[in-house]
K.L.:
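My questions all concern the structure below.
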Amino acid sequence: MDNDAQRKKVVLTCVQPTGKLHLGNYLGAVKNWIAYQESCECYFGIVDMHAITIPYVPADLRKNVYSLAAQYMACGIDPSKCNMFVQSNVVGHADLAWILGCICPLGQLERMTQYKDKARKHANNLCSGLLYYPVLMAADILIYNADIVPVGEDQKQHIEITRDLAQKFNRTYSDTFVLPEPYIPKTGARIMSLQSPDSKMSKSDPNQNGTIYITDDADTLRKKIMSAVTDSDTAVRYDEANKPGISNLMNIMSSLGGMGISDIEDSFAGKNYGEFKKAVADVVVEALSPVRERYDALVADKDALNKVLSDGAAAAQRRADRIMSKVRRKVGFVDTRAK
Ligand code: TYM
């Protein structure tokens, strides 16, 4: 185990390349990674191997990988300060997943909430990769011996199983892995659909008016926010149980605009929902317009994206190799390859 107290903390986190980032991905995850780049050794992955656990089109996957790299950068991820890489380009993730799978109780995987949700959605087309998904995610984290994993609330259970597997490996084979800590932001960790504020915002929402994409243009953003579902009350007040739509909009405004929830309540006292929604739309448009402009320029330069991802994968591979050579030795694998 790395005991050097002076060393930089290692941060690892990833997103699936399954389409455009939505506001939940941005506020719950990517926006919070930016500060870590200044003081930590950061690895930001594009997890294409996770993305093939549900039906997909290979050509779209290819396009989505580049698109996600450009979106990371448009959001403020700076490849000169971090390592951005594609998961399948770093050898070792799947190997470690296999090793961890061999100490992971099957029942624990069957109980994972996201697995149960996705298994229900894909009942006619359920692959074992979906069950194995959290083990691969644990491998993504442990192969870099990450200290911190910044994620939205829906990933909490996956970080817990990662810690369980790290502990079990350490007990079985001797100390190897750091136990990673999740970083889950206070606001923005669970952004809800604008159309059904009882479910989280997601790319696969059948009603796409409920999902704000970071590359939506200003008109689309305004339309989606103005048509957000609210309630029959009139007060702009935070109450997740009884006013989930308004509370969600308050969370969005607070996370993007920086004002506290009670400041929002004070400034909209006596005002109607229409005025409040217009103010939320202004904050969202102001925050996302520059992201969209940067994205359009970045995604057009595929050579530059290839260079960023190839440098990132090389750095990630160096760290992964160091940890994997210890892992292989400890589990008893011999290495007969020519040195
Ligand atoms: P993914 O691609 O579904 O989501 C990427 C990140 O966005 C967060 N997020 C949200 N945050 C707030 N509100 C929402 N509505 C919302 N929806 C998504 C997620 O919590 C996540 O941080 N399993 C992961 C990908 C992954 C990973 C990893 C993450 C694979 N290996 C290793 C961290 C470390 C996933 O599906 O994220």
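Start at 1 and go down the list; that is how both ligands and their atoms are numbered.
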K.L.:
With sequence neighbours left out, write down each residue that passes side-chain contact (heavy atoms from CB on, under 4.5 Å) with K223, or none if nothing qualifies.
P.N.:
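side-chain contact (heavy atoms from CB on, under 4.5 Å) list for K223, sorted by chain: empty.
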K.L.:
Using 30° and 60° as the class limits, which term best fits the ring planes of Y132 and W98: parallel, tilted or perpendicular?
P.N.:
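Rings of Y132 and W98: tilted, 30 to 60°.
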K.L.:
Listing request: all ring pair (Phe, Tyr, Trp, His ring centres under 6.0 Å) pairs with a residue in residues 275-315, at least two apart in sequence or in separate chains.
P.N.:
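The answer is F268-F276.
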K.L.:
Is it the case that over 12 heavy atoms from other parts of the model lie below 6.0 angstrom from the CD atom of E286?
P.N.:
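Check fails, neighbour count at 12 or below.
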K.L.:
Can you name the residues that form a side-chain contact (heavy atoms from CB on, under 4.5 Å) with D239, not counting sequence neighbours?
P.N.:
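D239 satisfies side-chain contact (heavy atoms from CB on, under 4.5 Å) with R237, A241, N242, K243 once adjacent residues are dropped.
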K.L.:
Residue by residue, ordered by chain and number, which ones reach under 4.0 Å of ligand 1 with a heavy atom?
P.N.:
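If the criterion is a heavy atom under 4.0 Å, then ligand 1 touches L12, T13, C14, V15, Q16, H22, G24, N25, G28, A29, V47, H50, Y133, M137, D140, I141, V149, V151, G152, D154, Q155, G188, A189, R190, I191, K200, M201.
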K.L.:
Using a 3.5 Å distance criterion without hydrogens, assess whether the side chain of N64 forms a donor-acceptor pair with backbone atoms of D60.
P.N.:
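Yes, N64 side chain to D60 backbone: donor-acceptor pair under 3.5 Å.
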